[in-house]
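Here's the structure we're looking at; comments come further down.
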Amino acid sequence: NPQGSHSKVYRRYAGLYFTLCVDPNDNELSYLEAIHLFVEILDKYFGSVCELDLVFGFYKVFALLDEFVCGGEIQETSKKIVMGRIRALEDHEKKSK
C-alpha cells in the first residue's frame, strides 16, 4: 500500500489504546464511535476491562470482536445481542465438555 492510503483512528481508555487503520475517505467519527462501543462491550463482559483481560482473555476478545465486526464491517451495534451470543457460545462450550 502506498504511503497515505490509510488513516489511523485511535482512542485511549485509561491505559489502553484502541487503534484502527481506515480508508481516508470514511467518516472518522463513526470509527471513534465503533471503538467506544467495542470498549463498552469489553467492559460489560470483563467488568472493567484492563490490559490483563486483553492479554489473558484474548480468545474471548476475538470472539466478542467477531460478533461485533465481520469482514471489516460492523454487523451488530446492540451490546445486549452481542453479549447474548457470547453467553450462548459459552453455554455450548460447557455442554460439549
Side-chain angles (χ1 to χ4, degrees):
N1 290 336
Q3 184 76 358
S5 65
H6 293 91
S7 295
K8 293 179 193 80
V9 176
Y10 72 93
R11 194 155 184 184
R12 180 178 179 214
Y13 289 89
L16 302 174
Y17 286 87
F18 294 85
T19 307
L20 299 175
C21 184
V22 302
D23 188 293
N25 297 320
D26 286 348
N27 184 349
E28 290 184 12
L29 184 58
S30 66
Y31 289 108
L32 290 171
E33 288 296 319
I35 292 170
H36 182 73
L37 179 59
F38 185 60
V39 171
E40 285 182 335
I41 291 169
L42 292 173
D43 274 341
K44 191 166 182 134
Y45 184 80
F46 289 108
S48 181
V49 69
C50 67
E51 184 179 3
L52 292 176
D53 294 324
L54 302 180
V55 171
F56 294 112
F58 69 94
Y59 287 115
K60 294 297 180 185
V61 173
F62 284 131
L64 288 163
L65 185 61
D66 194 41
E67 291 299 327
F68 178 57
V69 176
C70 182
E73 299 291 328
I74 296 173
Q75 297 299 307
E76 185 56 64
T77 58
S78 168
K79 291 178 276 194
K80 187 175 183 178
I81 290 174
V82 170
M83 294 305 296
R85 290 177 182 168
I86 291 300
R87 299 294 181 218
L89 286 172
E90 289 176 341
D91 290 345
H92 181 72
E93 286 176 0
K94 288 177 187 175
K95 289 178 184 175
S96 64
K97 288 184 179 182

- Query: Would you say the side-chain atoms of R87 pair up with the backbone N or O of L89, donor to acceptor, closer than 3.5 Å?
  - Reply: no

- Item | Pairwise ring pair (Phe, Tyr, Trp, His ring centres under 6.0 Å) hits with a residue in residues 76-97, at least two apart | none

Taking side chain to side chain contact (heavy atoms under 4.5 Å, CB included) as the definition, give me every residue that meets it alongside [X], ordered by chain and number, with sequence neighbours left out.
X	value
Y10	Y17, T19
E28	S7, V9
T77	L37, I74
D66	none

- Applying salt bridge (charged side-chain N to carboxylate O under 4.0 Å, His left out), which residue pairs with at least one partner in residues 45-61 are found, sequence neighbours left out? K60-E90, K60-E93

- Message: With salt bridge (charged side-chain N to carboxylate O under 4.0 Å, His left out) as the rule and sequence neighbours excluded, what pairs involving residues 69-84 come up?
- Response: E40-K79, E76-R85

- Message: Checking E33 now: which residues fulfil side chain to side chain donor-acceptor pair (under 3.5 Å) with it, not counting sequence neighbours?
- Response: none

- Message: Which residues pass the side chain to side chain donor-acceptor pair (under 3.5 Å) test with D26, not counting sequence neighbours?
- Response: Y31

Atom of [X], atom of [Y] and distance for their closest heavy-atom approach:
X	Y	result
V49	L54	CG2-CD2, 3.9 Å
V82	E67	CG1-CB, 4.0 Å
H6	C21	CB-SG, 3.3 Å
N27	L29	OD1-N, 2.9 Å
P24	S5	CD-O, 3.2 Å

- Item | All ring pair (Phe, Tyr, Trp, His ring centres under 6.0 Å) counterparts of F38, not counting sequence neighbours | F68

- Mind checking what makes ring pair (Phe, Tyr, Trp, His ring centres under 6.0 Å) contact with Y13, not counting sequence neighbours? H36

- Task: Is it possible for you to say whether I81 and L42 belong to one hydrophobic cluster, with membership spreading through side-chain heavy-atom contacts below 4.5 Å?
- Result: no

- Hey, could you give me the CG/CD1 distance between L20 and I35, rounded to the nearest 0.5 Å? 4.0 Å

- Residues in salt bridge (Lys or Arg N to Asp or Glu O under 4.0 Å) contact with K44, at least two apart in sequence or another chain: none

